[in-house]
There are 4 protein chains.
Amino acid sequence: MAVLTQNNRSFSTMAAARAGREHLVQQALQLFKLHGYHNTTMADVGKAAGLLKGSVYYYFDGKEQLAVEAMRHVRASSSKQIFSLAYDESRSPRERLANLTQAVEDYFIDSEGGCLMGNLALETINTLPQFAQLIRAYFDEWRQALVHLLRSQYEQDRAGQLAQDAVARIEGAIMIMRIDGDPAVLRRANRDIATWLR
Amino acid sequence: MAVLTQNNRSFSTMAAARAGREHLVQQALQLFKLHGYHNTTMADVGKAAGLLKGSVYYYFDGKEQLAVEAMRHVRASSSKQIFSLAYDESRSPRERLANLTQAVEDYFIDSEGGCLMGNLALETINTLPQFAQLIRAYFDEWRQALVHLLRSQYEQDRAGQLAQDAVARIEGAIMIMRIDGDPAVLRRANRDIATWLR
Amino acid sequence: MAVLTQNNRSFSTMAAARAGREHLVQQALQLFKLHGYHNTTMADVGKAAGLLKGSVYYYFDGKEQLAVEAMRHVRASSSKQIFSLAYDESRSPRERLANLTQAVEDYFIDSEGGCLMGNLALETINTLPQFAQLIRAYFDEWRQALVHLLRSQYEQDRAGQLAQDAVARIEGAIMIMRIDGDPAVLRRANRDIATWLR
Amino acid sequence: MAVLTQNNRSFSTMAAARAGREHLVQQALQLFKLHGYHNTTMADVGKAAGLLKGSVYYYFDGKEQLAVEAMRHVRASSSKQIFSLAYDESRSPRERLANLTQAVEDYFIDSEGGCLMGNLALETINTLPQFAQLIRAYFDEWRQALVHLLRSQYEQDRAGQLAQDAVARIEGAIMIMRIDGDPAVLRRANRDIATWLR
DNA sequence: GATGAATGAGACTTCATTCAT
DNA sequence: GATGAATGAAGTCTCATTCAT
């Protein structure tokens, strides 16, 4: 009945497995974001996904891999939902920048725990260099999306600086927002950035 | 030889004791900043100070207290070296702002590990609420120093917003600086902020 | 082969699990009784059960819980093997009292380490009040069993006093027996008590 | 001025030292009785005597010696205040027994923590055999005092049994008194024993 | 006499990981 | 797929003890 693949697992099984895996990644993502990498246990992740600690190892080699996949997940969804808006050639750069900043705002204002990438960056950059490249790639992609837009009005170097500044401002705003519990800083940052294109 | 004080401890002993405690706080500060709170062990702190792990407990009740004292240390030294510059009434607000941003830049550019307060904020704000008030107090003091200056030119509300934005920009810049290893973002942020007073 | 239950655990697995837990409780009981609460380590308990110290925490939240379960075990087995004899309505109160005292004697004479409840009482009553209620409940149940019998011949108050005295005598006798290594005191105490009903 | 002894310490110094030592023994006695041997720290003892932990080692070789001296102190004061009453040849045995039981009652009813010897017996008899002989000697002396009185009316063996039973009853009563917080059991035990001589 | 400082063993506990079932 | 069981390393913390001053 079920079509078997070369791995001797049926499609439906694979789908379930993929769902289980994906679910775990999402729970891990939330937990790492909220409680940090070192303060999140495999048991926490399993429990959040309705599994026991040992079961997590069916899907993942270990905690590091789980974090890596959580970061990949964040990057993929950010690419798709946010950064891609920079390349929507049907709209003006200014419009696209407005959309992008709005998307950033929506994404982070409701994100309990702030920005996974920023959090993990500060927590692990000196001790888990394996994570650094993923973190850098994420911020690079974000920056490049902004550069792509800012180039319509600024020369390359300046566009690069502004993009970098924009990312920094937003990450800083997210930090302050978490500390103060007030999203106004983040809103102002995005509003400002949106004005950088006339 | 040793001059005895009313506490029956010689100056040299007191100095040594204070030095031992103070030394530990400084080592802990560095380690928490570089490796994070959960990824720094009491043994690490002891070793960095030339002691065994058990000896750290002679000076501190536990790891939390050590972190609290590290945060207090950061606050005290920032107050004295940085925030106080905002209240040097012998200079113009603009000059003072320039001094303050320069001090911030000097302080953080050479600070391996970035900003202890920011790092601990992101790592612990959802799990160690005891730390939150110290973190908030630190950023408040920073903000107030900036407000004090910006009030010379802006109305209260706007000054408050700008101060908040300045802090956020700098913290964000520190994060990006750590990730990219390039202090330019932090320099630009400070330069920008310095222009907010004419 | 293994019959699965609704909990998706085979009988043999369940039995093993229960056995593991139960085994630990019994080892802990012996060790607490012999060496005291504070002088028994989790490593001791684990080793006695053929496990490593960390494994004990798979079954129990901590040392206190282990002690609580050991006390519950003692209470349950005493209820079943000893105190219940007081309520065997097929025999005369006098016969039942004889049976009960005999059971007490058998139980404690071969019990290396004496009476867990009495030992823990003296060791922890001023420092671990969590244990006190379990200890009191144990002695209450014992006393009530005796009251139930003594009421056949004594009025309520006197029965209560005698029951209390009986328990005290036996606990005192167990103490002296441990110190002197001679079970005669305990035998005499039980013999005396058995004569309280004609 | 101060007369020096061969130890190069003046009499007044020796007196102070002896006072310091004695004070420590008394504090240790209280703490061991209340909290048990393993649950009393050298720091606790020092603090109770107004000293720091390290200073206790000026007077004692270690914790065991402190316990030994506490036990010796209990024995000495019991000998003098209680057991000696059995040998007051100016009174009848019956009177002496009454006095002795009354002294026992007074001694233990106000003694927070019960009986040091009984407590230490149950806590350490299987793990610190060094203590056992002191504990046995204490109970032996008590028993012998009783035997001395009971011999006026009972033959040697019976007197020995009764003495043993009396000690056991009182120790059991002290235990129950601590658990229940009601001194009535101890009072009844002593009253009963006092009737053993006509 | 007394203290501050340090030690090191060992306690309780957590946790990532493994593995048979 | 998932679990229960077990591990062992490591982490926080305690404490008896030592010793220079």
Side-chain angles (χ1 to χ4, degrees), chain A residues 9 13 16-17 20-21 38-46 50-64 66, chain B residues 1-2 4 7-10 12-14 16-17 20-21 38-44 46 50-64 66, chain C residues 1-2 4 7-10 12-14 16-17 20-21 38-46 50-64 66, chain D residues 9 13-14 16-17 20-21 38-46 50-64 66:
Chain A
R9 286 159 62 191
T13 304
R21 210 182 136 86
H38 289 101
N39 203 31
T40 297
T41 73
M42 294 301 268
D44 290 340
V45 176
L51 294 177
L52 287 189
K53 166 163 77 158
S55 308
V56 179
Y57 287 84
Y58 177 78
Y59 297 99
F60 300 95
D61 287 342
K63 196 179 176 182
E64 279 194 15
L66 204 41
Chain B
M1 163 146 324
L4 292 185
N7 297 322
N8 201 29
R9 287 162 60 193
S10 71
S12 56
T13 303
M14 287 179 65
R21 213 185 131 87
H38 289 102
N39 202 34
T40 296
T41 73
M42 292 302 266
D44 292 340
L51 294 177
L52 289 188
K53 110 181 116 165
S55 307
V56 181
Y57 287 88
Y58 176 74
Y59 295 98
F60 301 94
D61 286 342
K63 196 179 176 182
E64 279 196 19
L66 204 41
Chain C
M1 164 145 327
L4 293 185
N7 297 322
N8 200 30
R9 287 163 62 193
S10 71
S12 56
T13 304
M14 287 178 66
R21 211 185 134 88
H38 289 103
N39 202 32
T40 297
T41 73
M42 293 302 267
D44 291 340
V45 176
L51 294 176
L52 288 189
K53 119 182 107 162
S55 308
V56 180
Y57 287 87
Y58 176 74
Y59 296 98
F60 301 94
D61 287 342
K63 196 180 177 181
E64 279 197 21
L66 203 42
Chain D
R9 287 161 59 192
T13 304
M14 287 178 68
R21 210 182 135 86
H38 288 103
N39 202 32
T40 296
T41 72
M42 294 301 268
D44 290 340
V45 176
L51 294 178
L52 287 189
K53 167 164 75 159
S55 308
V56 180
Y57 287 85
Y58 177 78
Y59 297 99
F60 301 94
D61 287 343
K63 195 178 176 182
E64 280 195 14
L66 205 41

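Quick note on labels: first sequence line is chain A, next is B, and so on, each numbered from 1.
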Applying the Watson-Crick and G-U criteria (both distances under 3.5 angstrom) with [ ] for crossing and | for other-strand pairs, one obtains for DNA chain E .||||||||||||||||||||

Quickly work out the A:Phe60 CZ to E:dC15 P distance and round it to whole Å.
-> 20 Å

For B:Asp44 and for C:Leu52, find the nucleotide of DNA chain F with the closest heavy atom, then tell me which residue's nucleotide is more 5'.
-> C:Leu52

Length of the line joining C:Leu66:CG and E:dA11:P, which is rounded to integer Å | 15 Å

Find the distance between OH (C:Tyr59) and CG (C:Leu51) and round it off to the nearest 0.5 Å.
-> 6.5 Å

State the OG1-NZ distance between D:Thr41 and D:Lys53, to the nearest 0.5 angstrom.
-> 7.5 Å

Which heavy atom of A:Val45 sits nearest a heavy atom of A:Thr40, and at what distance?
-> CG2-CG2, 3.8 Å

When rounded to the nearest 0.5 angstrom, what distance separates CE in A:Met42 from CZ in A:Phe60?
-> 8.5 Å

Between P of F:dT3 and OH of C:Tyr58, the distance in whole Å | 11 Å

Quick one: what's the B/S/- string for nucleotides 14-20 of chain F, heavy-atom cutoff under 4.0 Å, read 5' to 3'?
-> BSBBB--

Of all heavy-atom pairs between B:Val56 and B:Leu66, which one has the smallest distance, and what is that distance?
-> CG1-CD2, 4.0 Å

